[in-house]
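Comments concern the structure below.
If you read the sequence from its start, that first residue is 1, and numbering goes on from there.
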Amino acid sequence: MIVIAAGLAGCGKSDDSQITVYRIPKESPPAQLASNDSGDQAVSVHWSAPPSWEEQPASGFRKGSYSFRGADGKSADISVISFPEAAGGLLANVNRWRNQLKLAPIANENEIGPPMKIGDREMFFVDLVSDQPVTDGSKSRLLGGILPLPGETWFFKMLGPDQLVESHKESFQQFLSSVQLTAAQSQPIAQNSSAPPPMSANSGGSKTDAPTASELEAPAAAPLQYKLPPGWEEKPLSTMRAASFKTVGPEGKETDVSVVTLPGTAGGDLANVNRWRGQLNLQPIDENGLSKAAEHVQANSHDYLLVDLQSDGPISGQPDKQSILAAITLEANRCWFIKMTGDTAAVESQKSAFRDFLQSLKLP
């Protein structure tokens with residue numbers, strides 16, 4: 001039996017991300033939500049969906065369903081699905097996704113890539129692009145996360161036109177980083193109990209007997225407080241951003257600055273730094289490499305992990321090298337990411353201003 005709860009909660013006043021919770025008893029008898037014979041507790045899986053994604057009714061095997069449209073009217077589909085046990089295994093499921101894009105199977109799990117940490121578990125991230133048009137005359141792209149848990153395997157997937165999905169890759173990776181695992185309180189459920197029945201996978205929506213937002217998240221926090229460095233301009237907020245800015249560097253080239261917050265550790269420092277390295281076509285590093293590549297910066301009573309990354313050459317159609325300057329800190333059980341991206345010369349010109357911004361930033 002699966003007990004599912006869906007609710008909406010915000011990540012502060014500037015973040016209206018959707019918070020979804022599922023409670024899964026591991027190998028428990030049908031009449032109860034309890035620990036199994038091995039003493040394992042039930043596990044709750046939480047995630048935050050970007051506000052730009054439109055929630056769809058859950059159906060079939062889906063525990064969560066979302067979509068979004070591009071300017072050309074084309075849409076991408078996001079699904080969250082859970083299957084019992086290993087569901088065929090990691091390699092088989094990646095090859096199943098590859099087959100959907102008419103790609104040849106791979107023979108070794110090492111080809112899948114390094115996992116990211118979700119609590120004390122590992123989630124495997126997959127980024128696949130078809131070699132030829134699959135639907136609507138355009139190539140398709142599939143982003144996926146596979147999270148094996150005791151008794152369950154969870155699949156997080158985005159599928160749609162290549163360019164549309166690519167434009168939301170960072171949002172999807174932040175979506176995966178938002179996944180949290182917690183031990184659920186085990187309580188027997190009597191067959192004649194007056195407690196509300198479990199929500200089915202087909203229920204969907206927010207009109208359920210699920211926990212309210214206040215039960216799932218802390219109350220909405222106060223707005224961010226900061227002092228804008230000279231030349232920085234505020235931009236309209238977009239997906240998952242608590243604050244958004246632009247700067248203008250040499251030759252009028254702009255950099256983008258974002259402030260994003262996610263619950264918990266959001267996958268951990270190493271996973272997020274490797275995600276950013278991937279955006280610059282850099283190879284992932286290990287914990288030892290992270291200790292050499294990052295520095296700790298004390299700013300306004302916060303301890304930030306600061307990384308300064310630069311691509312080896314031009315990427316993503318840009319004529320110049322690209323850079324990411326980013327800081328990570330944990331505050332009140334939330335992970336905060338302050339990140340600047342742009343041409344290397346433009347980012348270099350704003351390094352001092354970026355540190356000044358950190359010094360002025362007061363997190364709620």
Side-chain angles (χ1 to χ4, degrees), residues 26 43 45 47 61 76-135 139-163 165-166 168-179 181 265-293 309 311-313 315-316:
K26 294 159 50 181
V43 175
V45 180
W47 64 81
F61 291 104
D77 175 76
I78 303 98
S79 61
V80 180
I81 294 175
S82 171
F83 285 113
E85 303 300 336
L90 177 62
L91 185 62
N93 282 292
V94 171
N95 281 331
R96 174 170 57 86
W97 284 345
R98 293 180 64 87
N99 183 62
Q100 292 176 14
L101 300 184
K102 303 186 185 304
L103 297 173
I106 57 177
N108 195 318
E109 288 188 359
N110 292 333
E111 298 179 60
I112 297 173
M116 59 188 293
K117 295 295 288 186
I118 302 295
D120 61 351
R121 306 289 181 179
E122 292 185 336
M123 178 186 286
F124 294 86
F125 174 70
V126 178
D127 183 359
L128 305 173
V129 184
S130 64
D131 292 328
Q132 57 188 357
V134 177
T135 57
K139 291 184 178 180
S140 294
R141 194 179 201 102
L142 187 155
L143 303 178
I146 300 178
L147 178 61
L149 295 174
E152 296 276 345
T153 301
W154 286 73
F155 300 89
F156 302 80
K157 184 176 79 169
M158 175 186 287
L159 179 63
D162 179 19
Q163 293 185 351
V165 172
E166 170 65 22
H168 282 254
K169 181 177 179 178
E170 183 175 356
S171 295
F172 184 78
Q173 290 177 315
Q174 291 173 343
F175 172 60
L176 296 184
S177 294
S178 77
V179 174
L181 306 176
T265 59
D269 293 341
L270 182 62
N272 284 291
V273 170
N274 277 331
R275 173 166 57 86
W276 294 331
R277 291 180 63 86
Q279 292 171 12
L280 297 178
N281 292 344
L282 299 174
Q283 292 297 311
I285 57 177
D286 57 17
E287 290 285 358
N288 184 52
L290 179 63
S291 67
K292 297 177 181 178
L309 308 174
S311 66
D312 293 328
I315 58 172
S316 303

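- N272 and R275 share a donor-acceptor pair across their side chains, judged by distance under 3.5 Å alone.
- Between L101 and S140, some side-chain heavy-atom pair lies under the 4.5 Å cut-off.
- Residues V165 and A76 come closest through the heavy atom pair CG2-CB, 4.1 Å.
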(Q) Show, in sequence, the C-alpha distance, side-chain angles and deciding distance for F124 and V94, and conclude whether the side-chain contact (heavy atoms from CB on, under 4.5 Å) test is met. (A) CA-CA 10 Å; F124 294 86; V94 171; over 6 Å; no
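- Within the 4.5 Å cutoff, side-chain heavy atoms of F175 are placed close to those of I78.
- The closest donor-acceptor contact from the side chain of N274 to the backbone of I285 lies under 3.5 Å.
- Interatomic distance, CG of N281 versus CG of D312, reported as 8.5 Å (0.5 Å rounding).
- In this structure, the side chain of R277 engages the main chain of Q283 through a donor-acceptor pair within 3.5 Å.
- Taken from CD1 in I112 to CD1 in I146, the straight-line distance is 6.5 Å, to the nearest 0.5 Å.
- Remark: K169 engages D127 in a salt bridge (charged side-chain N to carboxylate O under 4.0 Å, His left out) (not counting sequence neighbours).
- Residues K117 and E122 are in side-chain contact: their nearest non-hydrogen atoms beyond the backbone lie under 4.5 Å apart.
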Q: Apply side-chain contact (heavy atoms from CB on, under 4.5 Å) to L290 and E287, showing your working.
A: CA-CA 5 Å; L290 179 63; E287 290 285 358; 4.0 Å; yes
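- Of the residues L103, L128, L159, the one that meets the side chain to side chain contact (heavy atoms under 4.5 Å, CB included) test with W97 is L128.
- Taken to the nearest 0.5 Å, the CZ atom of F125 stands 5.0 Å off from the CG atom of L143.
- Listed here is the closest heavy atom pair of Q279 and E170: NE2-CG, 3.9 Å.
- Here the side chains of L181 and L147 are in contact, with some heavy-atom distance below 4.5 Å.
- The side-chain heavy atoms of M116 and Q173, taken from C-beta on, include no pair separated by under 4.5 Å.
- By the 4.5 Å heavy-atom criterion applied to side chains, K102 and S130 are not counted as neighbours.
- Remark: I118 CD1 to L149 CG distance equals 10.0 Å, nearest 0.5 Å.
- With values rounded to the nearest 0.5 angstrom, F155 atom CZ is found 3.5 Å from N93 atom CG.
- Atom CD of E166 is separated from atom CE of M158 by 11.0 Å, given to the nearest 0.5 angstrom.
- Using a 4.5 Å heavy-atom cutoff, the side chains of M123 and S177 are not in contact.
- You'll find the side chain of L91 reaches within 4.5 Å of the side chain of I106, heavy atoms only.
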